[in-house]
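Input: a single structure, listed below in structure tokens.
We're numbering straight along the sequence, starting at 1. Note that the coordinates shown come from a computational prediction; the quantities given were computed from them, not determined experimentally.
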Amino acid sequence: LDFTQWNKQKIRGWVLDSEFAEARGLKHVEVRLLAQTAVATETDAWGRFLIEDVAVAANHPVYLETDFTKGPSYTHPYQVY
């Protein structure tokens with residue numbers, strides 16, 4: 001892994017509900033960088049999220065976690081880069 005080159009990235013996307021045949025966004029879902037709980041946001045009413053100024057090392061993956069902010073939940077990890 002090359003940790004000599006860092007870039008700032010915006011990470012945006014949607015958190016979708018898989019219970020329906022067509023895509024529906026999930027609101028009130030916390031999206032955060034794995035192992036960096038201070039870097040987090042919550043999805044809006046349409047399931048969209050944006051995390052700005054994420055430090056990304058060249059050729060190194062970025063992982064996100066999602067978790068409901070209201071009610072019972074289960075943390076889900078995702079690789080995005």
If hydrophobic clusters are built from ILVMFWY residues whose side chains come within less than 4.5 Å, do Val31 and Val56 share one?
yes
Taking the side chain as everything from C-beta on, heavy atoms only, tell me whether Leu50 gets closer than 4.5 Å to Thr41.
no
Minimum heavy-atom separation for Ala45 to Lys27, with atom names?
CA-CB, 3.8 Å
Could you grab the distance from atom CZ of Arg12 to atom CD of Glu52, nearest 0.5 Å is fine?
7.5 Å
Rounded distance [0.5 Å steps], CG in Leu16 versus CG in Leu26
7.0 Å
Rounded to the nearest 0.5 Å, what separation is found between the CZ atom of Arg32 and the OG1 atom of Thr66?
8.0 Å
Should Val15 and Val39 be counted in the same cluster of Ile, Leu, Val, Met, Phe, Trp and Tyr side chains packed under 4.5 Å apart?
yes
Quick one: do Leu33 and Val29 end up in the same hydrophobic cluster if we chain Ile, Leu, Val, Met, Phe, Trp and Tyr together by side-chain heavy atoms under 4.5 Å apart?
yes
So Ile11 and Phe49, do their side chains get closer than 4.5 Å, heavy atoms only?
yes
Output for pair (Asp67 CG, His28 NE2), nearest 0.5 Å, gives 14.5 Å
Nearest non-hydrogen partners of Trp46 and Trp14, listed with the distance:
O-CD1, 3.9 Å
